[in-house]
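Just below is one structure, and these are the notes that go with it.
All values below come from the heavy atoms of this structure, side chains included, with hydrogens, waters and symmetry mates left out. Quick note: residue numbers are just sequence positions, from 1. Ligands are counted one by one from 1 in listed order, and the atoms in each one are counted from 1 as well.
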Amino acid sequence: MNIIHARGLIKEFPYQGDAVHALRGVDLAVGRGEHVAVVGPSGCGKSTLLNVLAGIEPPTSGTVELLGEPVYALDEARRSALRLRRVGFIFQRFHLLAVLTAAENVELPMAEAGVPKAERRQRARELLEYVGLGHRITHRPPHLSGGEQQRVAIARALANKPEIVFADEPTGELDRRTGHEIIDLFERLNADGTTLVIVTHDPHVAERARRQVEMADGLVVRDAGAAADAAPPPPQSP
Ligand code: ADP
Ligand code: MG
């Protein structure tokens, strides 16, 4: 069953009276439980694709079905609710709030979703333990290392039990060893049933995904390891 089904994605950004063609016709299907890496040179459209797939940025044309919902046909309230409750997003630069503790950062999406305070607290603690930060619950981001901040961001992305997590260069700010620890965590998350779509420059990160989608100049140019039900049907025998 497809969790993402994107068809004919074109994205143009107006630029100095002209247009930048960030996506030039992308079709992509991702099945439930997949672990997909999106790779390709800088500027080829990876972040744009991720944002369009995640319901953050509407395409110029084309359609996205995310978790069975036609994302850009929904009104803004329903689209926000879908993102808040069923999707997680992880950024290269963590995007944590510096004035809040690790636990408070993790609680934020739960508060937005109306989860009661006691339940929020409990779940934030469990999530921080899950990402290996049970001993840093009351620390604020400026007092955490880059790897620790990314773990908090992962815990926050998991707050409302998303079915799919998108990550844009999640190891881009980290040294190699810390990056590997983050990827170990992603692997565990995938083994626990969460679908992952991760944009990465890092070949070590990409090779640990079960499927690599390679982009160049706004197009998917190679798709290795696609799930059988997302692949085209085999040719008919004569
Ligand atoms: P990648 O993540 O692969 O490095 P991006 O998706 O960020 O690539 O960008 C693809 C292309 O679209 C680039 O040429 C980039 O300069 C352009 N682009 C991305 N976002 C914008 C924007 N908001 N306005 C104008 N051009 C943009
Ligand atoms: Mg990018």
Side-chain angles (χ1 to χ4, degrees), residues 3-30 34-66 71-72 76 79-80 83 87-96 146-147 149-151 153-154 156-157 162 164-176 178-180 182-183 185-186 189 195-226:
I3 206 165
I4 298 176
H5 199 162
R7 276 166 281 203
L9 295 181
I10 290 176
K11 180 70 181 182
E12 295 167 3
F13 292 107
Y15 185 72
Q16 296 184 348
D18 206 349
V20 177
H21 300 266
L23 299 177
R24 299 191 299 125
V26 172
D27 298 309
L28 188 70
V30 174
E34 281 202 84
H35 177 185
V36 182
V38 178
V39 298
S42 182
C44 72
K46 303 182 298 297
S47 295
T48 303
L49 177 63
L50 208 68
N51 293 340
V52 170
L53 295 178
I56 292 171
E57 171 98 56
T60 305
S61 64
T63 58
V64 178
E65 237 174 69
L66 176 62
V71 195
Y72 296 105
E76 184 50 44
R79 182 160 54 249
S80 307
R83 283 198 310 256
V87 176
F89 206 98
I90 292 158
F91 305 90
Q92 179 170 351
R93 291 172 198 271
F94 327 130
H95 288 262
L96 300 171
Q149 289 183 59
Q150 194 58 298
R151 285 168 192 272
I154 292 170
R156 179 186 56 185
I164 181 162
V165 168
F166 295 93
D168 194 352
E169 307 273 8
T171 64
E173 300 281 306
L174 308 175
D175 62 62
R176 176 166 294 181
T178 309
H180 274 285
I182 293 297
I183 297 309
L185 186 53
F186 278 124
L189 190 57
T195 306
L196 297 179
V197 181
I198 301 178
V199 162
T200 185
H201 248 89
D202 183 342
H204 298 282
V205 174
E207 76 190 12
R208 292 192 41 197
R210 273 184 278 148
R211 173 177 172 194
Q212 285 86 28
V213 172
E214 190 181 327
M215 293 184 72
D217 198 17
L219 292 169
V220 170
V221 293
R222 202 175 65 95
D223 191 348

(request) Identify the heavy atoms of Asp217 and Arg24 that sit nearest to each other, and give their distance. (result) O-NE, 2.7 Å
(message) Give me the residue, atom name and distance of the protein heavy atom closest to atom 8 (O) of ligand 1.
(response) Gly45 N, 3.3 Å
(request) Would you verify that at least one protein heavy atom lies under 4.0 Å from atom 16 (O) of ligand 1, or report that none does? (result) no
(message) I want to check something: taking the side chain as every heavy atom from C-beta on, are Leu23 and Met215 in contact at a cut-off of under 4.5 Å?
(response) yes
(request) Quick one: look up the protein heavy atom nearest atom 5 (P) of ligand 1 and list residue, atom name and how far away it is. (result) Thr48 OG1, 3.7 Å
(request) Might you point out which heavy atoms bring Ala216 and Cys44 nearest each other, and give the distance in Å? (result) CA-CB, 4.0 Å
(request) Measure across Val39 and Lys46 and return the closest heavy-atom pair with its distance rounded to 0.1 Å. (result) C-CD, 3.7 Å
(request) Flag the pair Ile164 / Val197 as yes when at least one side-chain heavy-atom distance between them is below 4.5 Å, and no otherwise. (result) yes
(message) Quick check on the Mg ion (ligand 2): does Ser47 put an N/O/S atom closer than 2.8 Å to it?
(response) yes
(message) What I want to find out is whether Arg93 reaches Glu173 closely enough, with some N-O distance under 4.0 Å, to be called a salt bridge.
(response) yes
(message) Counting non-hydrogen protein atoms only, what is the nearest one to atom 7 (O) of ligand 1? Give residue, atom name and distance.
(response) Ser47 CB, 3.8 Å
(message) I'd like to check which ligand 1 atoms, numbered from 1 as shown, lie under 4.0 Å from a non-hydrogen atom of Val20.
(response) 12 (O), 14 (O), 17 (C)
(request) Please report which non-hydrogen protein atom sits nearest to atom 22 (C) of ligand 1, along with the residue it belongs to and the distance in Å to one decimal place. (result) Phe13 CD2, 3.5 Å
(message) Quick check for you: to the nearest 0.5 Å, what is the distance between Asp27 atom CG and Arg7 atom CZ?
(response) 8.5 Å
(request) Look at atom 10 (C) of ligand 1 and find which of Ala216, Gly43, Gly218, Ser42 reaches it with the closest heavy atom. (result) Gly43
(request) State the atoms of ligand 1, each with its element, that fall below the 4.0 Å cut-off from a heavy-atom position in Ala22. (result) 10 (C), 11 (C), 12 (O)
